[in-house]
Peer 1: 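One structure is given below, represented as structure tokens, and several questions about it will come after.
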Number of protein chains: 2
Amino acid sequence: MEGLIFKVLRSFLVLTWFLVPFHASLVVSAKRSTYIVHMDKSAMPKAFSSHHMWYSSTVDAVKSVSFDSLRNGPKFVYSYDNVLHGFSALLSEDELEALKKSPGFLSAYTDKLVTTDTTHTYNFLSLNPTNGLWPASDFGKDVIVGVIDTGVWPESPSYKDDGMTPIPSKWKGTCEAGQDFNSSLCNLKLIGARYFNKGLVAANPKIVISMNSTRDTFGHGTHTSSTVAGNYVEDASFFGYASGTARGIAPRARVAMYKVSWPEGAYTSDIIAGIDQAVADGVDVISISMGLNFIPLYEDPLAIASFGAMEKGVMFSCSAGNNGPSLGTLHNGIPWTMTVAAGTVDRFLAGTVTLGNGMTITGWTTFPARAVVEDLPLIYSPTIAGCNSSDLLSSAHGIVICDNFNAFYNHENISRSTVPATIFFSDDPEITESTTFPDPGVIISTKYQEDVIKYALNGVKPTASITFQQTILGANPAPVVADYSSRGPAPSYPNILKPDVMAPGTLVLAAWVPTSPVATIGDKIRLSSDFSLATGTSMACPHASGVAALLKGAHPEWSPAAIRSAIMTTASTLDNTQSPIKDMGFNYDIASPLAMGAGHINPNAALDPGLIYDATAQDYISLLCTMNLTRSQIASIVRSTDYSCLNASSDLNYPSFIALYNNGSTEVLNKIFERTVTNVGDGPATYKAIVTAPRGSVVEVNPQTLAFQEKYDRQTYSLTIRYTSDNSAKVSFGSITWSDFGGKHVVRSPIVVSPITTVWA
Amino acid sequence: MEGLIFKVLRSFLVLTWFLVPFHASLVVSAKRSTYIVHMDKSAMPKAFSSHHMWYSSTVDAVKSVSFDSLRNGPKFVYSYDNVLHGFSALLSEDELEALKKSPGFLSAYTDKLVTTDTTHTYNFLSLNPTNGLWPASDFGKDVIVGVIDTGVWPESPSYKDDGMTPIPSKWKGTCEAGQDFNSSLCNLKLIGARYFNKGLVAANPKIVISMNSTRDTFGHGTHTSSTVAGNYVEDASFFGYASGTARGIAPRARVAMYKVSWPEGAYTSDIIAGIDQAVADGVDVISISMGLNFIPLYEDPLAIASFGAMEKGVMFSCSAGNNGPSLGTLHNGIPWTMTVAAGTVDRFLAGTVTLGNGMTITGWTTFPARAVVEDLPLIYSPTIAGCNSSDLLSSAHGIVICDNFNAFYNHENISRSTVPATIFFSDDPEITESTTFPDPGVIISTKYQEDVIKYALNGVKPTASITFQQTILGANPAPVVADYSSRGPAPSYPNILKPDVMAPGTLVLAAWVPTSPVATIGDKIRLSSDFSLATGTSMACPHASGVAALLKGAHPEWSPAAIRSAIMTTASTLDNTQSPIKDMGFNYDIASPLAMGAGHINPNAALDPGLIYDATAQDYISLLCTMNLTRSQIASIVRSTDYSCLNASSDLNYPSFIALYNNGSTEVLNKIFERTVTNVGDGPATYKAIVTAPRGSVVEVNPQTLAFQEKYDRQTYSLTIRYTSDNSAKVSFGSITWSDFGGKHVVRSPIVVSPITTVWA
């Protein structure tokens, strides 16, 4: 999972869930480790009645190699059967070596501790009940979204099942009763709940699981799952901010929760088990807001498990990570998934300062209570304005103007003083990514600093009032790419442009766990809420997953690649000022596809994309064949050694283009792509290509016109990128747009030319 | 108005609105004072076209006596025409003397600064949509309640007019545009809004009125008017406490607000002007939660104005005051009004402490936020437990047990320390009258003190958690008479038993002004809310006014006396444990009628009281004739010198009985009352008397059976109280109950024998 879940302001960045010291104390205690073991299913001797029997017998067979020093023998953890053929088991090194000699053994690697990655957003995405994707999909009715996360708070009003229809017969999932999670808590909205911690327990045999059930004790899984498919909840807000009727992107879709991430740690063996079960249970979409850094595809549990999901027609949507803005930081760069970047929302949480002279200034505040700060003296004094001495501050009887922004982050002296409110100045957009605001006050733009201080110094009995809990919609520009969102190229496989798309990720309102504090007043009072504002690609992913669920509802026949293509080729590259989307992490330059993929998701357009770039499981295998992997590494992903590399090709039929050059090389880059598009519009259509070449490149398209006779007709074209520039480590980008007559369908793909960056292997 | 509005715990009692130092700075600046002048309307010379012309000419005529020292002449303030004949004017003493010689002059007295006096309560009063008074009155549809108070916050959701019908044609009121109060703010719910401050301005010519309109800046008028007739508001609460759908007692009645009370002061001349206008506008019920202490009836603006209202059939409901529990402290002891005492509600606002050993204790808390206090060390140390040292407290890293309850009231050291929560012990019921709770924590019963401290001292790593925002309904016993509620006998006229009835007054939830803070966190953060919990007879009065409005809706033909009679004779004397209602102010002894009148209002029973004790304006005049008043004093009240004292009688046909004796006298008290009851049940009925004589008294009733042939038949009976006890300053009480066959109608009147107390004259 991402190293960041809430973006709690810069200085707090490291204090995220999986990096807290608590986990460090959970050291693997024995000389045995848990291994994920891939097996060639076709090699199973006929004597075994099931794969599980075979796998456990295989583990038993290596017991002979165990010695006295390891009191207990190897221990079987999970058998996997859907997205991975194999098992996980607690093995010593000797036992592992013995296992490698077992028939059907493909590969094995150690189980890993995973690190982890929010609702006016439906409106920001133009979803509405009267036309477009919502009514076309019946709001996602009967689509099942499996969320792989930290569990769910089943009593949250977002999981009420008002308006939900009976559960479809294909559903094989269940509600697993566990600690404080009675199976009666599942309903027509929350149809499944399972939890997986055998890997966690295997690695930490003496562990006491604090909440041994699918119940969420953190909030992350409750937030992501309610973002995808939460029911309507009136009067939701974060302490009066962002108030309104909350709803998921697919408000009539169903949620099945697979808890694989625990306060005590998250292990790859558990994650695979969760995804394996979700596919077996019959989910339509998997949404997973976590990922692993520095891991090659063939050992990445998400890459492995998502391949099986894709083969079974399950859409797999995952987060890009929060390690931006540097290039090459993206995880989940998996060719057969949809990888989602995060953008901002057009919402500004505000307080208004009214000076005694009538001047009114709106600033940023999320102080979590309806504070009354009215007609108090306004004080500016150079000795106090550092706002870093509780005693000096307490000598001021009124609203204090602070000219030291560090004191906003290190606020203990303000909290402990008797100052009723403070005014800070900052233009840093990152302040609008966090809800941390423990003392009454407001942050206003530095452009007002001189006027405010002048009034405080020279006004006759200067006074000010501050009002709180304001929510301003339509703030612009929005979206912009969030600074924290991880950037491509994908180090796990850079030749497919990742991320795929961008979705709202900054300060998203969704359900939270009411026992988990989300705000602080002063330096000691911690507050909880049924809804919280959270920031990260973790929050972006479920938005895209929700749109995928809606598309699955509207077009049940579409493959995962088709759904991804529809979302990508219709994504918007313009913000709400009708200018190109900017990148907060690169000084508000125009955002590159390495930051936002094809652009910002545009659900209603995705309903009717015109053309689709489809791909089959064999297409992905043909791609894997070119990746310089061993046969068993490929088999680990495709779950069979019986695969064909006859059509090996790195030219996947993907709705985006990336050409990589060696930085400093004098070679001219000349890359040819071939693409096949399927007409999913009704009836005949003719499309013409419009190309915007990346700076320094020439792009040729052939043919430039594609004529389709009827629905599902296919046409193929080639696209050549010739990069002739100075290879000076610059990223350039453009696009190819196929547009039909009258511009009813505009099918856009980004084109990127980028230097090669670090690749994980 | 009452000296208490919020009961903010004992130590804050004096800090009520009208006692804050701010008012003291508003000294009458000139040698002129405002006088209320009563005139004999029949003496108006025919030359004048209107009374107003006559009055202003009368004031002009005395200008000749003004001298240079008073630069301006006398100033006319108001002319009154409905509930008072006369005017108010700013006059010097010489001018007043001259005025006294004017034709038609009756009496004059100086304008006075007035001092001032909430919703599961509808449920506590058993009001329900399916049967009883709500459906019978159509929820008060078309009844207009004039509220004389501090104004109204028109944007409060309680004044939305969803579900309201067109305004009845009889309505002559208006929405007066003023500062920040556009006339468009009135609607089908809030049909009228007027403000009156000429008296305030006359007394303080240089005053700048901070909100010169009917807009409420305090909250009191918004609270009282929404209690009477607020519309339905979902999800109302006081910071998560007492949450639910708020509604007034008469949710379909209309409100007309007459703002007469100002942050700058409240003057009798303005109050009379407000009531005068309300009657002229056509209100059905007047609700006024204020009153004057130490003033005889003939100078009491409420007594004077309410007489005119009563004559015009307007029900006048007023508060008893908050000067209890001592006897003889009641104001508004006006024979022609309904005077309302305050009781508690069956609601307990709670927090739960869970100790690490599993012990769970529910205590009192209204900490105004959803604080998270979970699994923290529980600390008891004699050096810290005084909880009066910020430094000592900050040395404790966990929940601190405080054994010094003073530290709850003087909490600055706790607020400024780093202690996350405190636990106090108290059994004082007064803690449940206030919402002041600035630091996270809970007050639990002293019966748990030993166990909690023992665990903190001896437990292995003792811990505790505290949860907040709990609301417990059905707390008992309830109601009990609130300690603060003013007690009879009425010093303005003790021979009529006052108060008349009791209604919910403690921690009533109703609308509030969002700019006026209602809670505090720590020692500096003040919070506001759309709804507040307030305590006082100010909150009890609008409950009774609401019931009166419902009865007016159900029985439009009933006189104010009939409505009062129905409410009184059906009032309950039992609490929710089916025991006699107790008195919190007298150590939980059985409450006397001097505390609660006939008992706790019982709206559904009042709909069908069986018998009515009616009274006409002439009956009240006959009573006034016995009060030892001058002709002009009586004329001041009845607005005419042309009244008859031929039938002078102190035996008013009142639904209660009080016999007063001279303390220490050896005389045997022998008092005979005559009463006439009207059958308002359908058809013939026979009632039998059941008497419970006050201790030390013999009570005789003659006849003991009353037979009625048809509806509206009247029957007369006599009741004799012979008090033969030791006249030792004790109050004794009993009742007479007329019950028909089968007990369908039970018509109960309280009987009190009391020593004479101080009388205002």
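Throughout, protein chains are lettered first and strands after them, A, B, ... in sequence-line order, and every chain is numbered starting at 1.
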Peer 1: In terms of heavy-atom pairs under 4.5 Å, which option from A:Thr467, A:Thr418, A:Asp439 contacts chain B the most?
Peer 2: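 Highest number of pairs under 4.5 Å: A:Thr418.
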
Peer 1: Is B:Ser417 in contact with chain A via its backbone, its side chain, both, or neither, using a 4.5 Å heavy-atom distance?
Peer 2: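 Contact with chain A involves both backbone and side-chain atoms of B:Ser417.
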
Peer 1: Does any backbone or side-chain atom of B:Pro368 lie under 4.5 Å from a heavy atom of chain A? Answer side chain, backbone, both or neither.
Peer 2: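 Nothing of B:Pro368, per the 4.5 Å heavy-atom cut-off to chain A.
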
Peer 1: Apply the test side-chain hydrogen bond (donor to acceptor under 3.5 Å, both in side chains) to residues B:Glu374 and A:Thr515: give CA-CA distance (whole Å), side-chain angles for both, the deciding distance (0.1 Å), then the verdict.
Peer 2: CA-CA 8 Å; B:Glu374 214 176 337; A:Thr515 56; 4.9 Å; no

Peer 1: State, yes or no, whether a side-chain contact exists between B:Thr463 and B:Leu378 at a heavy-atom distance under 4.5 Å.
Peer 2: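 A side-chain contact under 4.5 Å is absent here.
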
Peer 1: Do the ring centers of A:Phe468 and A:Tyr241 come within less than 6.0 Å of each other?
Peer 2: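 No; A:Tyr241 has its ring centre 6.0 Å or more from that of A:Phe468.
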
Peer 1: Which answer fits B:Phe367, side chain, backbone, both or neither, if we ask what part of it has an atom under 4.5 Å from a heavy atom of chain A?
Peer 2: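 The side chain, not the backbone.
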
Peer 1: In the structure I gave you, are the side-chain heavy atoms of B:Phe238 and B:Leu509 within less than 4.5 Å of one another anywhere?
Peer 2: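 In short, these two side chains touch, coming nearer than 4.5 Å.
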
Peer 1: Are A:Tyr232 and A:Pro251 packed together at the side-chain level, in the sense that at least one heavy-atom pair is separated by less than 4.5 angstrom?
Peer 2: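 In contact.
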
Peer 1: Relative to chain A, which segment of B:Leu527 carries a heavy atom at a distance below 4.5 Å: side chain, backbone, both, or neither?
Peer 2: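 Both parts, heavy atoms under 4.5 Å.
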
Peer 1: At a 4.5 Å cut-off on heavy atoms, which part of B:Glu412 comes close to chain A: side chain, backbone, both, or neither?
Peer 2: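 Neither part.
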
Peer 1: Chain B: which of A:Glu234, A:Lys524, A:Arg416 shares the most heavy-atom pairs with it under 4.5 Å?
Peer 2: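 Top count of heavy-atom pairs under 4.5 Å with chain B: A:Lys524.
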
Peer 1: Measuring heavy-atom distances to chain A, does B:Thr520 have an atom under 4.5 Å in its side chain, in its backbone, in both, or in neither?
Peer 2: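 Contact with chain A is absent: no heavy atom of B:Thr520 under 4.5 Å.
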
